Amino acid sequence: MTYPTYHNLIGGEWLPAASGKTILNVNPADHDDIVGSFPASDAEDVNRAVAAAKKAFATWRLVPAPKRAEILLRAGILLQQRKEQFARDMTREMGKVLAETRGDVQEAIDEAFYVAGEGRRLFGQTTPSELQNKFAMSIRMPVGVVGLITPWNFPMAIPSWKLFPALVSGNTCVIKPATDTPISVYNLVQTLVDAGLPAGVVNIVSGSGSGAGSALVEHPDVRAISFTGSSEVGSHVAQRAAATFKPVSLEMGGKNAQIVLDDANLELALDGALWGSFGTTGQRCTATSRILLQKGIAAKFTKEFVARAKALKIGNGLDESVQVGPQVNKSQIETSAKYVDIASTDGGKILCGGHALTNGDHSKGTFFEPTVVGGVTHTMRIAREEVFGPVVSLLEFDTFEQAIEIANSIDYGLSTALYTKDVNRAFTAIRDLEAGITYINAPTIGAEVHLPFGGVKHTGNGHREGNGAIDFFTTWKAVYVDYSDKLQRAQIDNAE
Ligand code: NAP
Ligand code: MG
């Protein structure tokens, strides 16, 4: 089979890896379909890309922010025109169904339009000085060269959440896409180039985490790292970055709970749970992986939910009638199978699914059945550890207070959902759930770009994407202008 060869983008030139090594990008729904060959970059390629970004920073930082923003606006318009093709490329490289990959490209479009407006804000503050004839203000400065490391489950949306705010703020970027999904980053960056982005402002270095990724984290000229991925790798990245005092933004794993109270609209709760659990084949950081059911509705909900999970159509995401695509690779279906075993051993009951699908239309891909585990208690590993696949646990509780306690009893804190008609409980949950995101009567998935996105505990280290990303990609400078024409002293006791 013939397939295209992609190169790194370094200083405006498309170049193979210095080592000449490549990695094949394969369609997880059909292993005979090879999407392309990509460079397997290492430290040498990263060094070149960082040098190019450093050079470009000298001029990019001086481009007025509204002008930088115009490039993002144009990129957003171009993305609208290219949406269908980019969605198809994305479905081929990572499997999720077309409706979702269109949504992924749409999120990059939304982000472009949202961040483009920031070019005419980037607000700082003015404040009175304690001295006469002295002016005081704070202004946002770019950080410099920033390193961006992204996962495979939102192959264009997540890179856009990082690239666009970094660029409008005046930084230059080196991005390392996930090994499984480089083409979506190529499509995104090519669009920025076509929209007028100067050479060297964004550089792509494809390759493995241990090769290209760690070299980026350790490079002395990289001033900040923005990482989205697993908590395990995030912890490693933060520790390595600490050696050169780089600020690190970490967006990591989740074990998200949907709570359903007895008074909930059960149909709505079922729709939300099905979408939250099996959308993106359960491979979302915000995926619903625990459904907490109040005892009054538990039996009815369980019966209906299992029936709906069994009825889902699994297959190639390019087929518009398919509802659930493959998992991204073999290692992900192995993880799903491993957790099904762990759940059974710990006393959980597999109510449906539980196996990889290997026959017929599924024989050439990495498919796993939508799986529902009943009889789960909050101490079991299946209720505590991230699976990142189509495997969801059902837990039962008596009181609202118990539900909050169970929801909070894990290390992660990304998304939560509560289904109820009781406004008092809704607001109590908003206050008490330990998570960066709480939905009322909506599923755990479905963030919008202009709100803060991120989590607490092992999910994040305090930074936010969306509304909040500018805070990470800029640094404050305090400015004092003394127009008294005499020495005025602060930080001394001027009281008489
Ligand atoms: P991952 O294995 O942690 O990888 C994330 C990125 O880090 C990839 O580009 C990876 O490269 C790279 N990487 C791996 N080892 C590295 C190292 N030693 N140094 C530097 N970079 C390294 O995560 P994933 O499997 O791609 O994505 C799934 C995880 O992401 C889940 O835990 C999910 O919850 C989380 N996630 C979180 C959010 C959020 O915003 N909170 C959003 C989406 C996903 P390779 O691809 O080459 O391994
Ligand atoms: Mg692939």
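In each ligand, atom 1 is the first atom listed, and ligand 1 is the first ligand listed. We use all heavy atoms of the structure for the numbers below, so side chains are in, but hydrogens, waters and symmetry mates are not. Note that the coordinates shown come from a computational prediction; the quantities given were computed from them, not determined experimentally.
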Any carboxylate oxygen within less than 4.0 angstrom of a Lys/Arg side-chain nitrogen, looking at [X] and [Y]?
{"X": "Glu107", "Y": "Lys83", "answer": "no"}
{"X": "Glu100", "Y": "Arg284", "answer": "yes"}
{"X": "Asp104", "Y": "Lys96", "answer": "yes"}
{"X": "Glu334", "Y": "Lys338", "answer": "no"}
{"X": "Lys364", "Y": "Asp32", "answer": "yes"}
{"X": "Asp30", "Y": "Arg92", "answer": "no"}
{"X": "Glu386", "Y": "Lys255", "answer": "no"}

Looking at [atom], what's its closest protein heavy atom, distance included?
{"atom": "atom 34 (O) of ligand 1", "value": "Glu386 OE2, 2.6 Å"}
{"atom": "atom 9 (O) of ligand 1", "value": "Thr150 O, 2.8 Å"}
{"atom": "atom 25 (O) of ligand 1", "value": "Trp152 NE1, 3.0 Å"}
{"atom": "atom 20 (C) of ligand 1", "value": "Gly213 C, 3.4 Å"}
{"atom": "atom 3 (O) of ligand 1", "value": "Ser230 OG, 2.6 Å"}
{"atom": "atom 5 (C) of ligand 1", "value": "Thr228 O, 3.6 Å"}
{"atom": "atom 48 (O) of ligand 1", "value": "Gly209 N, 4.2 Å"}
{"atom": "atom 11 (O) of ligand 1", "value": "Lys176 NZ, 3.0 Å"}

Show the atoms of ligand 1 that are less than 4.0 angstrom away from any heavy atom in [X].
{"X": "Asn153", "answer": "43 (C), 44 (C)"}
{"X": "Thr179", "answer": "45 (P), 46 (O), 47 (O)"}
{"X": "His236", "answer": "18 (N)"}
{"X": "Ile158", "answer": "42 (C), 43 (C)"}
{"X": "Phe227", "answer": "3 (O), 5 (C), 6 (C), 7 (O)"}
{"X": "Ile149", "answer": "6 (C), 7 (O), 9 (O), 12 (C), 20 (C), 21 (N)"}

- Is there a donor in the side chain of Gln283 and an acceptor in the side chain of Asn153, or the other way round, less than 3.5 Å apart?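 Asn153 and Gln283 do not have a side-chain donor-acceptor pair below 3.5 Å.
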
- Taking side-chain hydrogen bond (donor to acceptor under 3.5 Å, both in side chains) as the test, write out the residues that go with Thr2, two or more places apart.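 So Thr2 forms no side-chain hydrogen bond (donor to acceptor under 3.5 Å, both in side chains) with any residue.
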
- Query: Any idea which of Gly211, Pro177, Pro151, Gly234 brings a heavy atom closest to atom 27 (O) of ligand 1?
  - Reply: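 Selected option, by shortest heavy-atom distance: Pro151.
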
- Query: Hey, looking at atom 35 (C) of ligand 1, which of Gly229, Gly253, Ser214 has the closest heavy atom?
  - Reply: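 Heavy atom nearest to atom 35 (C) of ligand 1 belongs to Gly229.
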
- Task: Measure the distances from the heavy atoms of Ser208 to every atom of ligand 1 and state whether one is below 4.0 angstrom.
- Result: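 It does; at least one heavy atom falls under 4.0 Å.
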
- Report yes or no: does Phe388 have a heavy atom closer than 4.0 Å to ligand 1?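 Yes.
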
- Task: From the options Phe473, Tyr114, Phe453, select the one residue that forms a ring-ring contact (aromatic ring centres under 6.0 Å, His included) with Trp161.
- Result: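 Between Trp161 and the candidates, ring-ring contact (aromatic ring centres under 6.0 Å, His included) is satisfied uniquely by Phe453.
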
- Sort out for me which residue in Glu111, Glu465, Glu251 forms a salt bridge (Lys or Arg N to Asp or Glu O under 4.0 Å) with Lys162.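 Checked Glu111, Glu465, Glu251 against Lys162; only one passes salt bridge (Lys or Arg N to Asp or Glu O under 4.0 Å): Glu465.
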
